[in-house]
**Student:** 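Please see the structure below; I have some questions.
Computed from a prediction, not measured in an experiment: that's the story for all the values here. Ligands are counted one by one from 1 in listed order, and the atoms in each one are counted from 1 as well.
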Amino acid sequence: MTIGTPENPVRVAIVGAGPSGFYAAEHILKDEATHAQVDLFDRLPTPFGLVRGGVAPDHPKIKSVIRMYEKTAARQGFRFFGNVKVGHDIEVEDLERLYHAIVFTVGCETDRRLGIPGEDLPGSHAATAFVGWYNAHPDYAGEQFDLSCKRAVVIGNGNVAMDVARMLALTGAELRRTDTADHAIEVLDRSEIREIVVLGRRGPAQAAFTNPEIKELGEMEDADVVVDPADVELDPASRAFIESDEADKTSRVNVEILSKFAAREPTGKRKRIVLRFLASPVENVGDGRVEKVVIGRNELVDEGGTLRAKDTGEREELECGLVLRSVGYTGIPIEGVPFDRKRGLILNEGGRVLDSHDAGHRVGHYTAGWIKRGPSGVIGTNKKDALETIRRLLADIESGTLLDPASPEPSAVEELLAERGVRFVSFEDWEAIDRAEVGRGEPHGRPRVKFVGVEEMLEALGEKVSS
Ligand SMILES: Cc1cc2nc3c(=O)[nH]c(=O)nc-3n(C[C@H](O)[C@H](O)[C@H](O)COP(=O)(O)OP(=O)(O)OC[C@H]3O[C@@H](n4cnc5c(N)ncnc54)[C@H](O)[C@@H]3O)c2cc1C
Ligand SMILES: NC(=O)c1ccc[n+]([C@@H]2O[C@H](COP(=O)([O-])OP(=O)(O)OC[C@H]3O[C@@H](n4cnc5c(N)ncnc54)[C@H](OP(=O)(O)O)[C@@H]3O)[C@@H](O)[C@H]2O)c1
């Protein structure tokens with residue numbers, strides 16, 4: 001029987017309701033030649049992935065992309081199954097019995113490790129946890145951050161490092177205008193941290209942050225930005241790169257902005273954000289908790305055309321009570337899905353899941369977004385990325401290379417979840433949660449006051465939850 005017709009629509013399960021999940025759903029549902037039904041699963045009751053749980057609360061405009069996802073959710077054939085974890089509440093094998101195709105868009109939800117002694121000392125945290133905590137992600141509600149020290153060290157030079165440095169520097173009044181989790185506002189407002197040192201292992205010309213994000217650090221209400229002029233003096237190879245046609249505009253402008261910061265005098269604001277370069281943490285030291293970071297001084301060496309950081313052996317100790325490691329995210333394997341452990345992503349070629357490095361496509365299995373290509377790229381990057389995957393899926397519909405599910409009827413998944421006692425959250429339920437959060441924010445002039453626990457969210461739907 002032909003699949004993708006009005007009589008026999010193609011049934012697709014998408015696992016993960018972040019940007020890539022929504023873009024994948026949109027690309028399938030808007031394809032005029034294909035009749036499709038999409039069920040979008042998320043382990044949380046709330047959709048939108050890192051747009052809700054990652055994007056910094058003081059950047060509300062970025063979250064307006066949600067309006068596009070709401071349009072996708074309003075399309076005929078779309079259903080949301082929140083509060084359903086694939087690999088726990090429902091297995092990949094179950095999905096194979098219910099759908100013609102499965103698209104994994106689960107993102108990269110954990111932190112990359114530094115691999116240094118003392119990495120796990122109390123007071124040293126992954127940025128993943130700090131970000132989840134201030135954004136009210138249920139996984140991180142119970143995290144404790146002791147901000148009673150004077151100095152924090154942020155490791156990494158990406159945009160997440162910029163976010164966490166800024167969040168540590170915002171004033172209570174600024175935070176109270178945002179949707180930062182209430183528990184985080186309380187702790188951040190009482191913070192005694194006066195200096196936030198950001199360590200980049202390479203130089204200013206190799207920083208991964210982008211221009212608006214670095215510029216913003218120089219415009220903080222109650223924090224001065226401090227850069228040592230010696231730190232922005234480029235080594236000959238970086239200078240040659242920045243002056244060459246090869247240099248991208250972002251790196252060139254980053255260097256310009258940092259040079260302007262280096263020429264500034266602190267204006268006596270309450271806090272300081274100190275940006276340092278060619279500096280790697282080699283050890284966290286402390287008696288029962290972090291008391292200092294041992295920093296190794298790096299030099300840049302050319303390795304196959306890329307300037308890499310090499311330890312010079314020079315050491316320095318920096319006292320601090322909080323370390324936030326922001327050196328990138330990595331994927332978490334799902335039972336039954338081929339995983340490239342080295343790269344921390346699902347084994348795939350152009351979005352088609354591969355059985356192993358040298359085997360072919362696992363029929364009916366696809367992937368998109370961070371878990372397909374790794375944890376880099378802004379929200380919009382996932383649109384094109386999802387399109388590449390969905391083009392392949394559509395071609396496979398055309399050639400009839402899909403799964404042959406035993407129970408493709410739409411009610412089958414609901415019956416299975418009911419049988420297993422899984423209370424899924426529909427898109428209408430999410431809209432009710434959303435209205436409740438927005439309503440809680442209104443009296444305080446805030447965009448919303450987020451619920452933190454899953455129980456709280458279900459209670460907002462008028463349900464008694466037994467713990
Ligand atoms: C801290 C931070 C801030 C950022 N800020 C910006 C910004 O300001 N602007 C910008 O353009 N980009 C920003 N980005 C990048 C942007 O968020 C990503 O490009 C984008 O979210 C990746 O989309 P994704 O759908 O692949 O993954 P995600 O957004 O991570 O979505 C994955 C979804 O899968 C769900 N999931 C995971 N496992 C399962 C499972 N087993 N079963 C069911 N569901 C599951 C998760 O709950 C999540 O909802 C930021 C990234 C981070 C980390
Ligand atoms: N406002 C925004 O648009 C926004 C906000 C947040 C995130 N994002 C996007 O989300 C993506 C992820 O951001 P990210 O900051 O997590 O990752 P990222 O951009 O990949 O940055 C990771 C940083 O960690 C450094 N690093 C890696 N391993 C290290 C080690 N062992 N020791 C010291 N430093 C190390 C990297 O340095 P090297 O370069 O030397 O490897 C790099 O500076 C990015 O594409 C980012 O642009 C966007």
Side-chain angles (χ1 to χ4, degrees), residues 13-24 40-56 58-63 65 81-90 92 104-109 111-116 127-128 130-132 134-135 137-139 154-164 166-167 198-203 206-210 212-213 216 250 279-282 296 298 300 306-309 325-335 337 345 367-383 385-386:
I14 301 181
V15 184
S20 54
F22 271 95
Y23 291 129
L40 177 56
F41 294 87
D42 203 283
R43 68 184 184 90
L44 298 179
T46 53
F48 314 134
L50 285 167
V51 178
R52 177 179 166 99
V55 170
D58 61 331
H59 283 174
K61 277 196 198 135
I62 290 169
K63 300 184 197 215
V65 67
F81 288 88
N83 204 27
V84 181
K85 182 171 180 179
V86 171
H88 179 263
D89 300 310
I90 193 166
V92 174
F104 297 97
T105 51
V106 292
C108 291
E109 290 204 299
D111 57 300
R112 231 185 258 152
R113 305 276 302 165
L114 274 174
I116 59 166
T128 330
F130 187 59
V131 166
Y134 67 61
N135 272 325
H137 192 298
D139 288 4
V154 176
I155 297 160
N157 250 191
N159 280 330
V160 174
M162 297 295 102
D163 280 353
V164 302
R166 215 176 54 250
M167 285 299 290
V198 183
L199 301 183
R201 68 172 162 184
R202 297 193 286 160
Q206 291 81 31
F209 46 67
T210 41
E213 284 66 31
E216 203 175 353
T250 299
S280 279
V282 291
N298 297 327
L300 293 175
T306 305
L307 292 175
R308 297 206 184 282
R325 310 180 308 265
S326 180
V327 295
Y329 285 57
T330 190
I332 300 172
I334 297 181
E335 182 71 35
V337 183
L345 41 82
T367 181
W370 272 21
I371 197 64
K372 166 188 170 188
R373 65 174 197 279
S376 74
V378 292
I379 295 164
T381 318
N382 302 294
K383 189 172 183 182
D385 181 283

**Student:** What are the atoms of ligand 2, with element, lying closer than 4.0 Å to any heavy atom of Arg202?
**Tutor:** 38 (P), 39 (O), 40 (O)
**Student:** What atoms in ligand 2 come closer than 4.0 Å to a heavy atom of Gly328?
**Tutor:** 16 (O)
**Student:** Is atom 46 (C) of ligand 1 in close reach of the protein, with a heavy atom under 4.0 Å away?
**Tutor:** yes
**Student:** Please could you name the atoms of ligand 2 that Glu213 approaches to less than 4.0 Å, counting only its heavy atoms?
**Tutor:** 1 (N), 2 (C), 3 (O)
**Student:** I need the atoms of ligand 2 closer than 4.0 Å to a non-hydrogen atom of Asp163, numbered in the order shown.
**Tutor:** 5 (C), 6 (C)
**Student:** Closest non-hydrogen protein atom to atom 28 (N) of ligand 2, residue and atom name please, with distance?
**Tutor:** Arg201 NH2, 3.3 Å
**Student:** Can you tell me which portion of Pro375 lies within the under-4.0 Å heavy-atom range of ligand 2? Options are side chain, backbone, both, or neither.
**Tutor:** backbone
**Student:** Quick one: does Val84 get within less than 4.0 Å of ligand 1, heavy atoms only?
**Tutor:** yes
**Student:** In terms of residue, atom name and distance, what is the protein heavy atom nearest to atom 14 (P) of ligand 2?
**Tutor:** Val160 CG2, 3.6 Å
**Student:** Report the relative orientation of the aromatic rings in Trp370 and Tyr329; use parallel for angles under 30°, tilted for 30 to 60°, perpendicular for over 60°.
**Tutor:** perpendicular
**Student:** Would you call Ser326 a ligand 2 contact, heavy-atom distance under 4.0 Å?
**Tutor:** yes
**Student:** Classify the contact between Phe48 and ligand 1 as side chain, backbone, both or neither, using a heavy-atom distance cut-off of under 4.0 Å.
**Tutor:** neither
**Student:** With a 4.0 Å heavy-atom cut-off (strictly under), which part of Ile62 contacts ligand 2: side chain, backbone, both or neither?
**Tutor:** neither
**Student:** If you have a sec, work out which protein heavy atom is nearest atom 48 (C) of ligand 1 and how many Å separate them, to one decimal?
**Tutor:** Asp42 OD2, 3.4 Å
**Student:** Atom 28 (P) of ligand 1: which protein heavy atom is closest, and how many Å away?
**Tutor:** Leu50 N, 3.9 Å
**Student:** Specify side chain, backbone, both or neither for Leu199, according to which of its non-hydrogen atoms lie closer than 4.0 Å to ligand 2.
**Tutor:** neither
**Student:** Is the shortest distance from atom 20 (O) of ligand 2 to a protein heavy atom below 4.0 Å?
**Tutor:** no
